[in-house]
Amino acid sequence: MKGLTTEDMEKIEEGIRQKYTKVAISPEGNFQYSTGEAGLKGQNYNPEILKKLPGDILASYCGVGNPFSLGTIDEGDTVLDIGCGAGVDTLIAATMVGPKGRVVGIDLISEMLEHARENLRKTSLNNVSFQEVSAEGLPFQDASFDAVISNGVFNLIPDKVKALKEVLRVLRPLGRFMIADQVLTVKPPEDTRSMVENWAR
Amino acid sequence: MLNEAGFIDYELVADTGFNSSPVTKGVLFRARKPKDVQRRRGMSSNPMDRYDEFFSMVYQPGALDVKTKHLIALGASLGAGCRP
């Protein structure tokens, strides 16, 4: 992103890492909105699909919206979940695509991925993988996904245009990008230091 | 920003009501990758492709949202006596 130094980027990453290492243990108390099952219900996730996942997986949900409300995920689809966190959306997508489909969840925080893999082990799904990867440099071939989902993550990515270009590259023609996120309702702070310090808040 | 990255079909769909702070709000966006990225970037001289490109550009969200544009088009078609 323009105007940010390497040091700024490192501070941003450290801020994100600090917050989400705590969230990896439990989202409760780390957000100003409902998390866990209350959050999923409040965002109208399909109750029939939620029933298929154990309650303690659902408890780790901390998304800001329901990306599945934006379009279809079909049986056999390949889906990428950017910033998968504890993997709740990833596992929901895996339930939707079925055994013929494939879902990849990526995140930068190893503690979150550890939680996601632990959640995966509580299911019988075998069409999911998790990888520690940056959204700004996806290690996937061009046109390899039918859908890309993301929930509350793009606002944290320093170079958003670079990450969006990567999404476009890995999507198949007519592939869907379905995203829930936070946007500022006020002007961004002019002072870079304040912006960097408040990035993950 | 989606436009800057090369997406053509994109739409801000709704607020989610799940806000992280008093100065942010939760929102839902959807976008679709064009059928042929090269063609959409103006590489084709085929008239049908160019018309398709024009059609897609007209239906981008702008002063009017996509749904309103489609409803206006439907109204115009019915008014002109078009048959399905």
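Protein chains get the first letters and strands the later ones, always in sequence-line order, with residue 1 at the start of each.
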Discussion item. Counting C-beta onward and ignoring hydrogens, is there a side-chain heavy-atom pair between B/K33 and A/L174 closer than 4.5 Å?
Written reply: no
Discussion item. Which atoms of A/N66 are under 4.5 Å from chain B, going by heavy atoms: the side chain, the backbone, both sets, or neither?
Written reply: backbone
Worksheet item: Just how far is it from atom CE of B/M1 to atom NZ of A/K160, taken to the nearest 0.5 Å?
Response: 6.0 Å
Worksheet item: OG1 of B/T24 to CG of A/N155: how many Å apart, nearest 0.5 Å?
Response: 7.5 Å
Worksheet item: Got a sec: does the NZ of A/K122 have more than 12 other heavy atoms crowding it under 6.0 Å?
Response: yes
Worksheet item: Do other residues, nucleotides or ligands put more than 12 heavy atoms under 6.0 Å from B/K25 NZ?
Response: no
Worksheet item: Which bit of B/V13 is near chain A, if near means a heavy-atom gap under 4.5 Å: side chain, backbone, both or neither?
Response: side chain
Worksheet item: Side-chain contact, heavy-atom cut-off 4.5 Å: B/R32 with A/F177?
Response: no
Item to complete: For the residue pair A/T185 and B/P22, establish whether any side-chain heavy-atom pair is separated by less than 4.5 Å.
Response: no
Fill in: Side chain / backbone / both / neither for A/S34 at chain B, heavy atoms under 4.5 Å
both
Practice prompt. With the side chain counted from C-beta on, respond yes when B/T16 and A/Q43 share a heavy-atom pair under 4.5 Å apart, and no when they do not.
Written response: no
Practice prompt. Give the minimum heavy-atom separation between B/A5 and A/V161, together with the two atoms involved.
Written response: CB-O, 4.1 Å
Item to complete: Could you grab the distance from atom CG of A/N151 to atom CZ of B/F18, nearest 0.5 Å is fine?
Response: 10.5 Å
Worksheet item: So do A/L171 and B/F7 actually touch side chain to side chain, heavy atoms under 4.5 Å?
Response: yes
Fill in: Heavy-atom side-chain proximity of B/F29 to A/L70 below 4.5 angstrom
no
Worksheet item: Nearest 0.5 Å, what's the CG-CZ distance between B/L28 and A/F68?
Response: 12.0 Å
